[in-house]
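Only heavy atoms go into these numbers, but all of them, side chains included; no hydrogens, no water, no symmetry mates. Predicted model, so just to flag it, every value in this text is computed and none were measured.
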Amino acid sequence: MTGPIEELVRRAQRERAEAGGPDLERIRAALPILSRRRARRRRAGFVAAAVVAILGVAGIVALPGGTPKGEQPAAPPSARTSEVLVAMPYELEQPPAGYRERLRTIEEGPGGVTATRTYSATPDGPHVTLTVRPGGLPNGEPVDVGPLRGVYEEPAAGAARVTWPARLGGVVSLDAAGTGLGHDAVVQLAASVADHSLWLEKPLIVDWAPDVRYTMSLIDQDRWATTVVADGSAQARGTLTVTLAPAPESETGGEIVALHGRPAELFAEDGALRVVQHIPYTDLALTVTLRPAPDRDVLLDAAAEVDVRI
């Protein structure tokens, strides 16, 4: 009986080894995503290192009023829609009690790039917004924002704004809407804004129209949703809306199409076309909508050009 028992043991060991081996098909399918992720991290590292080197060598001098002078780049790295990182070197380290960052917005157009971070206690309640944008100081009451000279305004009832020169050009503004903070409290909050040389990263790259608006909703600590609206109506191209968010409930009745070499579903609704694709090995879904959509191939071509970076 020794021979048959040994054969059974060897067979069981082989089957166990095969069952515990790596899933080669799953690994092979994940390689393109991992490759893009590594390339994205390398690019981010190169850009950050280049900025540090530029700032270290240029010897930027702050003139009276905070206007930077020196050998700086002619425009921030985010001046083209193809860039992944957008300069946003300011953060509200100590927002009002109960407030946290809930929204990030990047607006790109021929006039430059505007980056915004919004802090609030509830998604639709009173909020504080921190914005970096091109342009100069507005008219208003002169105030001191730390070592810089800024301007205080009240653009609407229950709203207050402090604007001061940004280190890399343009201006930075702090807006408080419906917070109940008075003049001195808003100026003090603006003076507490930290300069961390931060960057905002775009998980979606959409080259569809000259004017593009990126919005990232920070749902909680680990979940977020990004929506990009590219308005091409001036070029008679319609409006392209791209969303990367936690996958919704499954829909039925869509046409199966190919997108980025993987299955997706195409839906027609109310003069618009929409394609939905689940991102492998994540809980995210990519949704691309074109309104109006004259032809399904136009939508699929636009969706194929969307670069997902996660």
Side-chain angles (χ1 to χ4, degrees), residues 29-33 35-37 39-40 78 80-84 86 103-111 113-116 123-124 200-219 223-310:
L31 284 177
I33 297 175
S35 178
R36 288 197 299 268
R37 187 177 299 167
R40 172 175 62 84
S78 54
R80 299 186 307 276
T81 58
S82 59
E83 295 292 347
V84 181
V86 172
L103 190 68
R104 295 178 180 180
T105 301
I106 301 168
E107 294 186 66
E108 297 177 334
V113 178
T114 298
T116 301
D124 300 319
L200 300 186
E201 185 173 3
K202 297 183 290 187
L204 292 173
I205 301 296
V206 179
D207 288 321
W208 170 257
D211 294 293
V212 183
R213 178 182 174 90
Y214 297 78
T215 302
M216 174 177 280
S217 300
L218 307 179
I219 302 171
R223 298 170 68 245
W224 48 265
T226 292
T227 299
V228 182
V229 178
D231 187 359
S233 56
Q235 296 80 31
R237 305 180 70 189
T239 300
L240 190 72
T241 304
V242 183
T243 300
L244 185 64
E249 295 183 3
S250 299
E251 297 181 78
T252 59
E255 175 189 353
I256 302 301
V257 295
L259 179 61
H260 298 134
R262 299 188 302 274
E265 289 187 272
L266 179 67
F267 300 89
E269 52 190 22
D270 299 330
L273 288 176
R274 175 169 55 93
V275 63
V276 181
Q277 182 181 65
H278 288 254
I279 306 300
Y281 313 121
T282 74
D283 65 344
L284 301 174
L286 175 69
T287 302
V288 183
T289 304
L290 180 59
R291 184 185 301 273
D295 188 279
R296 65 193 295 278
D297 291 335
V298 175
L299 170 65
L300 292 177
D301 289 344
E305 294 298 320
V306 174
D307 189 1
V308 180
R309 298 166 179 264
I310 57 174

(request) Decide side chain to side chain contact (heavy atoms under 4.5 Å, CB included) for Thr289 and Phe267; before the verdict, give the C-alpha distance in whole Å, the side-chain angles of both, and the deciding distance to 0.1 Å. (result) CA-CA 9 Å; Thr289 304; Phe267 300 89; over 6 Å; no

(message) Is any side-chain heavy atom of Glu305 closer than 4.5 Å to one of Asp207?
(response) no

(request) Would you mind reporting whether Arg309 and Ile205 have side-chain heavy atoms less than 4.5 Å apart? (result) yes

(request) Compare all side-chain heavy atoms of Pro246 with those of Ile219 and state whether any distance is below 4.5 angstrom. (result) yes

(message) Once rounded to the nearest 0.5 Å, what's the spacing between atom CG of Leu218 and atom CZ of Arg223?
(response) 12.0 Å

(request) Determine the minimum heavy-atom distance between Leu204 and Tyr214, stating which atoms define it. (result) O-CE2, 3.1 Å

(request) Would you name the heavy atoms of His278 and Ala247 that are closest together and state the gap between them? (result) CE1-CB, 3.4 Å

(message) For Arg104, run the side-chain contact (heavy atoms from CB on, under 4.5 Å) check against Thr215, Leu200, Thr226 and tell me which one passes.
(response) Leu200

(request) With the side chain counted from C-beta on, respond yes when Leu244 and Ile279 share a heavy-atom pair under 4.5 Å apart, and no when they do not. (result) yes

(message) Treating Arg296 as the side-chain partner and Ala268 as the backbone partner, does any N or O pair qualify as donor plus acceptor under 3.5 Å?
(response) no

(request) Specify the closest pair of heavy atoms between Gln277 and His260, including all atoms of both residues, with the distance to one decimal. (result) OE1-ND1, 4.0 Å

(request) Hey, could you give me the CZ/OG1 distance between Arg274 and Thr241, rounded to the nearest 0.5 Å? (result) 11.5 Å

(message) What I'd like to find out is whether the side chain of Glu265 reaches to under 4.5 Å of the side chain of Ile256, using heavy atoms alone.
(response) yes

(request) Can you see which heavy atom on Asp211 is nearest to which on Gly109, and at what distance? (result) OD1-CA, 3.7 Å

(message) In the structure I gave you, are the side-chain heavy atoms of Leu299 and Leu266 within less than 4.5 Å of one another anywhere?
(response) yes

(message) So if I apply the side-chain contact (heavy atoms from CB on, under 4.5 Å) rule between Val276 and each of Thr287, Thr243, Leu286, which one comes out positive?
(response) Thr287

(message) Looking at every non-hydrogen atom in both residues, tell me the closest pair between Leu259 and Ala304 and how far apart they are.
(response) CD1-N, 3.7 Å

(message) Let me confirm one number: the CG-CG distance from Leu290 to Leu240, rounded to the nearest 0.5 Å.
(response) 6.0 Å

(request) Evaluate whether atom CG of Asp270 has more than 12 neighbouring non-hydrogen atoms of other residues, nucleotides or ligands under 6.0 angstrom away. (result) no

(message) Is it the case that over 12 heavy atoms from other parts of the model lie below 6.0 angstrom from the CG atom of Asp283?
(response) yes

(message) Treating Arg237 as the side-chain partner and Trp208 as the backbone partner, does any N or O pair qualify as donor plus acceptor under 3.5 Å?
(response) yes

(request) Taking all heavy atoms of Gly238 and all of Pro292, pick out the closest pair and write down the distance. (result) CA-CD, 4.0 Å

